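Just so you know, these numbers use all the heavy atoms, side chains as well, and skip hydrogens, waters and symmetry mates. Quantities reported herein were computed from a predicted structural model and do not represent experimental measurements. To find a chain, count down the sequence lines: A is the first, B the second, and so on, and within it residues start at 1.
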Amino acid sequence: MTETTDNAPEAPRSDFIRDIVTQDLASGKNDSRVHTRFPPEPNGYLHIGHAKSICLNFGIAQEFGGLCNLRFDDTNPSKEEQEYVDSIKQDIRWLGFDWDDREFYASDYFEQLYQWAIELIRKGKAYVCDLTGEEVSKTRGSLTTKGQDSPYRNRSVEENLDLFTRMRAGEFADGSRTLRAKIDMASPNLNMRDPVMYRILRAEHHRTGNDWCIYPTYDWAHGQSDSIERITHSICTLEFENHRPLYDWFVRELGIYAPRQIEFARLNMTYTMLSKRRLLQLVQEKTVSGWDDPRMPTLSGYRRRGYTPESIRSFCRRIGVNKYDSTVDIALLEHCLREDLNRRAPRAMAVLDPIKVIIENYPTGQAEELDAVNNPEDPSAGSRKVPFSGELYIEREDFMENPPKKFFRLSPGREVRLRYAYFITCTGVEKNADGEITAVRCTYDPATRGGDAPDGRKVKATLHWVSAAHAVQAQVRLYDHLFAKPDPSDAPEGGDWKDNLNPDSLKIVQAQLEPSLAKARAGERFQFERLGYFCVDSVDSSDQPIFNRTATLKDTWAKEQKKTQ
RNA sequence: UGGGGAAUAGUGUAACGGCAGCACAACUGACUCUGGAUCAGUUAGUCUAGGUUCAAAUCCUAGUUCCCCAGCCA
């Protein structure tokens, strides 16, 4: 087995599932095959929780020389759409995984499932039930009491066959009958109390159109789909543990190949909502701009935000796999992102909240080009030219007229460095009638060109800047957590989860960029020095570039300020 | 009050009867032309109570707490 090392963020690590696979391989089970599958329902976009499952299933197949299928569990046409199928395929590929030609659908197996249902009817193990949904629910019993047998439970095989055939033929109204497995209404496991296998539902299916008016339930379709595909390790989330006895029952009664199901805990993350139903709600109610809104925890949202697939894979490796509910700190995801982008993202200078700096002793009308390093972490990234002139923008928060003790940026009388340019010393400020600062006046030291003082004197701060005359305008979208609470489901008294939405999750600002950024292309990522990582939006466009803030840089000054608040 | 699962620093995980380790977070300090990055360090843990054993996070017994299940959703 591969060693886990900190230097190899993509290296596989061991977990209880991989241990099981290793044991099965050692014992020669399944002829030493390893075959997994990722089985999404196409009823929404994939999110970071699915990434955990994708990395697990595809990752195990890769590590053990096996295969991983993509299978859409499309048994409920009333919720499923082709758009979701397409987005799911795109997102898995983006994450870096490939299923070759093994793209399957539960709907591929509808006819086989139907034949198997007939087989169970013939064996006396399934029956057509005329109870309404409400009646079925009433007779199911409770957690502590037994259910009651359906009055239709003992219909003859002939009658069941006849009715089931006519169900398929469309003779009965939606919801009027079901096919149920005949197991045990007294089972302490509610899933075994004669579960529904087929319901009558006239809805157009995204693949089978109107061929069917009866659809298999997930419980009836899932295990057999795995069996048909000869899946060796059927990995799913904890809530299906209770269903395992049912899947085993079906496969045993049918006498077909039995995959081994293994359950793991789904991902929870602070400040993040991972309920597909609620994400759908955010989209439908237009709380966000769509499934790919950069604040969404969907893979398409993260992609648009500027996350790299590598960072998400690294995250999935680090969180591990277990059988108990846990909540991962979103700071870990952000760490994985910064770790990756720090290595790869070219640097640039941008001012998000500009204040003008006038260099009093810089020759009027003059400009020059200075060399700037593209990526200090990667010498091969080279350097670029950045224009400098007597009127610049710096960040408003980089200047304070009356600075507190630990502030060591620009203030009256103080000297700082402009990155890759000159040392400047503040000589004063200009104010408007309301007393607001409209410009900062400075002098520069021509001897410090490039950013080093020949006399060896030091400054305590280095500021980013943009030449006013050369600046490129851009729209910058500053994102923060979509939810203001670590646990978004923790609703306030009398409220609901939507009350936890963060009102400041998006701020749009007009920024001044260094001119090299004018040619940035959609999806390109940069570090704006001292600010964070930014990515050119790949959906919206206008006459100016649009940048999404992927993440801020770690900011010890901001932390310091919080402490004193 | 039925059944099925699970409990290790603040968080996520490792240790498979033999030194409780790693990562994130937090906090110090060093270094720095990004208050970034990097480096060094600090704080902090086996749910509880018994038992077996030379030795228990690990095995046994009892308890506690948490999660899942009463869709013709998945």
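- Here, B:U8 and B:G3 have their C1' atoms 28 Å apart, quoted to the whole Å.
- Interface remark: the A:Arg409 side chain does form a donor-acceptor pair with the B:G35 base, using a distance-only criterion of under 3.5 Å.
- Looking only at distances, a side-chain donor or acceptor of A:Glu514 sits under 3.5 Å from a matching main-chain atom of A:Met349.
- Taking only distance into account, the side chain of A:Glu377 meets the base of B:G36 through a donor-acceptor pair shorter than 3.5 Å.
- By the rule that a glycosidic angle within 90° of 0 means syn, B:G71 counts as syn.
- Comparing the same atom, C1', in B:C69 and in B:G51 gives a spacing of 35 Å after rounding to whole Å.
- A:Met185 has its CE atom 10 Å from the C1' atom of B:A70, to the nearest Å.
- For A:Arg318 against B:U13, a side-chain-to-base donor-acceptor contact under 3.5 Å is absent.
- Counting only N and O atoms by type, the side chains of A:Ser489 and A:Arg278 include a donor and acceptor under 3.5 Å apart.
- For A:Phe407, whose side chain is taken as the heavy atoms from C-beta onward, the closest listed nucleotide among B:C69, B:A74, B:G35 is B:G35.
- The only member of A:Trp212, A:Phe164, A:Tyr215 that meets ring pair (Phe, Tyr, Trp, His ring centres under 6.0 Å) when paired with A:Tyr198 is A:Phe164.
- A perpendicular orientation is assigned to the rings of A:Phe38 and A:His50, their planes being inclined by more than 60° (bins at 30° and 60°).
- Taking atom P in both B:U1 and B:A57, one finds a spacing of 31 Å when rounded to whole Å.
- Each of A:Asp398, A:Thr552, A:Asp555, A:Thr462 was scored for a side chain to side chain donor-acceptor pair (under 3.5 Å) with A:Arg530, with one residue passing: A:Asp398.
- In the set B:C73, B:A70, B:A26, the nucleotide with an atom closest to the side chain of A:Ser142 is B:A70.
- Within 4.0 Å of A:Pro376, counting heavy atoms only, lies at least one base atom of the nucleic acid.
- With hydrogens and angles left out, the side-chain atoms of A:Tyr45 and A:Glu83 include a donor and acceptor closer than 3.5 Å.
- The distance between atom CG of A:Asn189 and atom P of B:C69, rounded to the nearest whole Å, is 12 Å.
- Contact annotation: A:Lys554 reaches the phosphate of B:A37 (side-chain N/O to OP1 or OP2, under 4.0 Å).
- Contact between the side-chain N/O atoms of A:Ser137 and the OP1/OP2 oxygens of B:G71 is found at a separation under 4.0 Å.
- Of the candidate nucleotides B:G2, B:C72, B:A14, B:C72 has the atom nearest to the side chain of A:Val196.
- Using a 4.0 Å heavy-atom distance criterion, A:Asn322 is classed as a sugar-phosphate-only contact.
- Minimum atom distance to the side chain of A:Arg530 is reached by B:G35, of the listed B:U1, B:A25, B:G35.
- In the interface, the side chain of A:Asn242 is paired with the base of B:G3 through a donor and an acceptor atom under 3.5 Å apart.
- What separates CE of A:Met269 from P of B:U13 is a distance of 14 Å, to the nearest Å.
- Between A:Thr327 and B:G12 there is no side-chain N or O to OP1 or OP2 distance below 4.0 Å.
- Going from atom CG of A:Leu553 over to atom C1' of B:U32 covers 14 Å, rounded to whole Å.
- Whole-Å rounding puts the A:Asp194 CG to B:C72 P distance at 12 Å.
- Closest contact between the side chain of A:Leu143 and the listed nucleotides B:C72, B:G2, B:G36 involves B:G2.
- A 3.5 Å limit on both hydrogen-bonding distances identifies no Watson-Crick or G-U partner for B:A74.
- Across all strands shown, B:U65 pairs with B:A6; the Watson-Crick or G-U wobble distances both stay below 3.5 Å.
- A:Arg347 comes within contact range of at least one nucleobase, with a heavy-atom separation under 4.0 Å.
- B:A7 and B:C73 are spaced 30 Å apart, taking the C1' atom of each and rounding to whole Å.
- The side chain of A:Glu41 lies closest to B:A74 when the candidates are B:U34, B:C24, B:A74.
- Base engagement by A:Leu131 is indicated by at least one non-hydrogen atom pair under 4.0 Å involving a base atom.
- Taking the 5.5 Å centre cut-off and the 30° plane limit, the aromatic side chain of A:Tyr324 is not classed as stacked on B:A6.
- For A:Arg140, whose side chain is taken as the heavy atoms from C-beta onward, the closest listed nucleotide among B:G71, B:C67, B:A25 is B:G71.
- Nucleic acid contact class of A:Glu334 (heavy atoms, under 4.0 Å, all strands): none.
- Of the two residues near RNA chain B, A:Asn43 and A:Arg417, the one whose nearest nucleotide lies more 5' is A:Arg417.
- Put simply, the side chain of A:Asp184 never gets that close to the backbone of A:Met192: no donor and acceptor are under 3.5 Å apart.
- For the C1' atoms, the distance linking B:G45 with B:U58 amounts to 16 Å, nearest Å.
- If you check every strand for non-hydrogen atoms under 4.0 Å, A:Tyr198 touches nothing.
- Using atom P as the reference point in both B:A25 and B:G36, the two lie 13 Å apart (nearest Å).
- Residue A:Ser78 is classed as having no contact, given no heavy-atom separation below 4.0 Å to the nucleic acid.
- Whole-Å rounding puts the A:Glu135 CD to B:G71 P distance at 14 Å.
- The listed nucleotides are B:C69, B:U34, B:A14; the one nearest the side chain of A:Asn191 is B:C69.
- In this entry B:A26 has B:U42 as its Watson-Crick or G-U wobble partner, both defining distances falling under 3.5 Å.
- Taking atom NE2 of A:His464 as the reference point, atom P of B:G36 lies 15 Å away to the nearest angstrom.
- For A:Lys323, the side-chain atoms get nearest to B:G5 when compared with the rest of B:A37, B:G5, B:G3.
- One C1' atom belongs to B:A56, the other to B:C16, and the distance between them is 12 Å to the nearest Å.
- A:His243 comes within 4.0 angstrom of a base, heavy atoms only.
- The residue A:Lys559 sits close only to the backbone: its heavy atoms come under 4.0 Å of sugar-phosphate atoms, none of a base.
- The residue A:Phe408 sits close to a base: some heavy atom pair falls under 4.0 Å.
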Please test A:Asp371 against A:Tyr420 for side chain to side chain contact (heavy atoms under 4.5 Å, CB included), starting from the C-alpha separation and ending with a verdict. CA-CA 7 Å; A:Asp371 291 310; A:Tyr420 300 125; over 6 Å; no
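- Listed for the A:Asn160 side chain is a donor-acceptor partner under 3.5 Å among the backbone atoms of A:Val128.
- Judged by Watson-Crick or G-U wobble contacts below 3.5 Å, the nucleotide B:G21 has B:U13 as its partner.
- Within the shown strands, B:G51 is the pairing partner of B:C59 under the Watson-Crick or G-U definition, both distances less than 3.5 Å.
- Spacing between B:G41 and B:C22 at atom P, rounded to whole Å, works out to 11 Å.
- Closest to the side chain of A:Leu332, out of B:C24, B:C69, B:A74, is B:C24.
- Comparing A:Thr145 and A:Arg177 against RNA chain B, the residue whose closest nucleotide sits nearer the 5' end is A:Thr145.
- In this structure, the side chain of A:Ser314 does not engage the main chain of A:Glu310 through any donor-acceptor pair within 3.5 Å.
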